[in-house]
Number of protein chains: 2
Amino acid sequence: MTVERRPSPSRSRRPTIKDVAEAAGVSRSTVSRALTGRGYAASDVRERVLRAAAELGYVPDVMARTLKQQVSRSVGVLVSDLRNPFYAELAAGASREARERGYTMVLADTSLSAEAESEAAEALVALRVAGVVVTPNSSAVSTYLSAHGIPVVEVDRQFAAGSTDGVVVGNRVGARTATSHLVELGHRRIALFIDETDWTTGYERYQGYLEALAAGGIKVEPELVVSSGWDVADSRRRALDMLRGPDRPTAVFAANNVLAEGVWRAIGELGLRVPGDISLVAFDDTPWMSMVSPTVSAVSQNTYGLGATAVRRLSERIEMPEADSVTTVLNVRLISRESTAPPPEI
Amino acid sequence: MTVERRPSPSRSRRPTIKDVAEAAGVSRSTVSRALTGRGYAASDVRERVLRAAAELGYVPDVMARTLKQQVSRSVGVLVSDLRNPFYAELAAGASREARERGYTMVLADTSLSAEAESEAAEALVALRVAGVVVTPNSSAVSTYLSAHGIPVVEVDRQFAAGSTDGVVVGNRVGARTATSHLVELGHRRIALFIDETDWTTGYERYQGYLEALAAGGIKVEPELVVSSGWDVADSRRRALDMLRGPDRPTAVFAANNVLAEGVWRAIGELGLRVPGDISLVAFDDTPWMSMVSPTVSAVSQNTYGLGATAVRRLSERIEMPEADSVTTVLNVRLISRESTAPPPEI
DNA sequence: TCCCCGTGTGGGAACGATGTCACAGTCCTG
DNA sequence: CAGGACTGTGACATCGTTCCCACACGGGGA
């Protein structure tokens with residue numbers, strides 16, 4: 001790490017509405033009316049004000065405006081982990097929609113830590129954001145924000161269904177479709193890699209898996225359901241353990257892109273052939289899945305759209321605070337690629 | 001897309017410092033002193049105030065505080081494209097560092113559009129952010145923000161070197177190392193895929209490429225330097241054109257992860273073998289590069305650290321506005337994998 | 001002629017928090 | 001015991017903006 005030094009400049013005071021008023025020879029009220037377009041302002045005066053503002057480089061102070069109006073034009077977005085392409089894409093979608101609707105986005109990466117999550121929530125309350133989009137880790141955030149009168153939209157996962165809006169994907173259907181695909185190919189020993197099975201997204205995907213097995217008349221084998229941690233390293237380790245075992249599964253359904261990555265790496269390290277030795281299907285299509293060889297079949301969700309839809313819902317909620325809460329379910333689709341085939345002959 | 005409806009709750013007024021004062025039976029000034037810890041407050045009074053604040057769920061209004069103090073605790077982060085893992089990771093690093101330093105992060109995805117970039121910059125000025133970290137697309141943003149007295153740190157790319165701080169990686173060295181690696185393996189026809197060659201990052205990488213060729217006594221062939229667009233599709237198309245040609249290069253150096261992805265896809269589509277037919281090395285190591293087969297050699301930059309360092313620099317700058325501006329250069333390293341080998345015999 | 005109304009403008013009170021200042025006690029010291 | 005030092009508290013101005021209200025002006029109808 002190298003460092004170079006150079007001299008630096010200084011600065012002055014920021015122009016306020018008062019400065020603009022003096023420059024244009026009118027009162028502050030008139031400037032405000034001319035700039036915001038609310039209320040009367042003769043066209044020549046308006047023009048004079050606009051010119052003065054432009055010359056001074058005047059930018060209205062959002063703090064003061066929000067203080068007065070008691071409502072800001074920014075929304076908070078709380079995601080778990082920006083390094084995960086899923087959340088990054090979701091944030092990107094939220095960002096575009098926010099900009100289009102004239103909102104500023106305040107984003108915090110909560111790193112899967114409950115502490116960071118509540119810290120961030122408090123910061124958003126302090127900022128008097130107009131609303132919050134969150135990928136929640138517990139019901140605490142939504143409850144807290146709602147108690148402060150801040151509209152919340154839960155996205156991807158949903159803890160406060162019934163009291164707050166939600167935007168999720170068809171987790172159960174997606175998981176069932178993916179698992180059924182394996183069943184139809186003739187697989188009977190189908191492992192599930194999943195982060196957790198009790199709440200919201202994880203629960204739904206687990207149920208979808210169970211439903212597909214049931215429909216295929218297959219008994220669930222608990223040792224084939226792996227509750228892995230949240231990172232690639234952990235998932236890889238668990239996959240190594242399972243796939244090295246004597247009667248390993250003939251197929252794996254990985255319930256998210258991180259777990260899929262771990263499983264994929266483990267498969268590669270063990271020298272197993274896909275789909276010859278083992279089939280793999282993932283929930284959440286990520287770029288690498290169409291780049292590796294063989295390409296990986298995946299349930300694709302419109303992640304960008306998820307973020308955009310959440311912000312759209314939020315903005316509707318802000319405009320109609322009393323309307324019934326709504327859960328929007330985006331559809332998913334299975335993209336069948338090269339990683340799935342009938343099980344090997346015994 | 002399905003939608004479910006449910007009834008919803010209502011809300012009340014947010015507690016202010018005045019409410020806390022009344023509840024605790026003291027004046028607003030005392031509450032302020034008790035909560036911020038600045039100035040006198042008897043310990044029993046302090047406790048009473050704290051209890052009252054907690055009971056009411058009081059959260060100080062950042063707007064009012066900032067308005068009064070004329071300095072906010074939030075920083076703006078402007079990145080080009082959150083869907084690109086590079087920027088996502090950079091933002092994640094910035095986010096962590098910002099949180100650690102007690103700053104709220106306002107993030108905008110400028111989508112490579114100059115319009116969105118200046119809109120976002122204006123929004124940040126309006127928000128009176130304490131400083132801005134930006135991956136600039138032109139010198140306009142830095143100039144604009146600096147003119148408003150807002151400290152700026154340019155990260156990844158640098159347009160305003162000399163007047164604002166910068167945090168970049170060793171682009172020239174990295175590009176030279178990558179290209180030299182190919183030269184040492186015996187390659188003579190080495191293509192460069194790059195977005196642009198005139199400014200900052202692109203220029204440096206181009207120079208590194210040229211230096212390595214010069215050191216190897218290889219003449220530059222202009223038709224081997226491809227100025228591709230910014231997306232995978234474009235890069236793929238350009239790569240298809242070049243690699244289908246009669247005397248295609250024996251190696252490609254792709255100057256960023258997006259271009260590398262395009263080239264990789266093109267190589268796969270043409271059925272060329274890596275590294276048998278063609279070697280590939282990329283600038284910017286991305287997860288897929290260690291997942292595909294063969295794995296792709298890459299110049300790895302600490303992207304997360306880049307974001308974190310930029311925010312750290314910004315925070316130092318905010319504390320010492322008059323200090324000399326500094327450019328920090330983070331080192332990179334070549335990770336040699338399976339995609340590089342001597343050129344095929346002719 | 002008087003009044004009313006529409007149009008355009010300025011004055012001033014909020015919004016919520018902070019921090020200076022003044023004042024009232026209490027304690028200590030000479 | 002007087003006077004200063006120190007502690008604790010409340011009143012009040014302030015930040016930049018908005019917006020309600022008052023007012024001024026001119027024209028038109030009664």
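Throughout, a chain's letter reflects where its sequence line sits, starting with A, and its residues are numbered from 1. Keep in mind that the numbers below use all heavy atoms, side chains included, and drop hydrogens, waters and symmetry copies.
- In this structure, B:E47 places its CD atom where only 12 or fewer heavy-atom neighbours from other residues, nucleotides or ligands lie under 6.0 Å away.
- With hydrogens and angles ignored, the 3.5 Å screen pairs a side-chain donor or acceptor of B:E154 with a backbone N or O of B:F159.
- Think of the region where chain B sits on DNA chain D: with heavy atoms and a 4.0 Å cut, that region ends 5' and 3' at D:dT7 to D:dG16.
- Residues passing the side chain to side chain contact (heavy atoms under 4.5 Å, CB included) test with B:R33, sequence neighbours excluded: B:S29, B:T30.
- One side chain, A:S315 or A:R101, offers a donor N or O that lies under 3.5 Å from an acceptor on the other.
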All N/O contacts under 3.5 Å from nucleotides 21-26 of chain C to the protein, with atom names and distances to one decimal?
none

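- Here the closest heavy-atom approach between residue B:L82 and residue B:A91 is recorded as CD2-CB, 4.2 Å.
- The stretch residues 53-76 of chain B comes close to DNA chain D through B:L67, B:K68, B:Q70, each having a heavy atom under 4.0 Å from the strand.
- Judged by distance alone, the side chain of A:T309 and the main-chain N or O of A:G305 form a donor-acceptor pair under 3.5 Å.
- With hydrogens and angles left out, the side-chain atoms of B:S111 and B:S113 include no donor and acceptor closer than 3.5 Å.
- In this structure, A:R96 forms no cation-pi arrangement with A:Y304, as its terminal cationic atom is not both closer than 6.0 Å to the ring centre and no more than 45° off the ring axis.
- Between A:L127 atom CG and C:dG16 atom P the separation is 16 Å, expressed in whole Å.
- B:T110 and A:R99 form no side-chain donor-acceptor contact under 3.5 Å, judged by distance and modelled atom types alone.
- In this view, A:W230 satisfies the ring-ring contact (aromatic ring centres under 6.0 Å, His included) rule with no residue, not counting sequence neighbours.
- A salt bridge does not link A:E316 to A:R312: none of the charged side-chain nitrogens sits closer than 4.0 Å to a carboxylate oxygen.
- Of the residues A:T327, A:T201, A:T200, the one that meets the side chain to side chain donor-acceptor pair (under 3.5 Å) test with A:Q158 is A:T327.
- Residues from residues 16-32 of chain A that place a heavy atom under 4.0 Å from any atom of DNA chain D, listed by number: A:T16, A:I17, A:R28, A:S29, A:S32.
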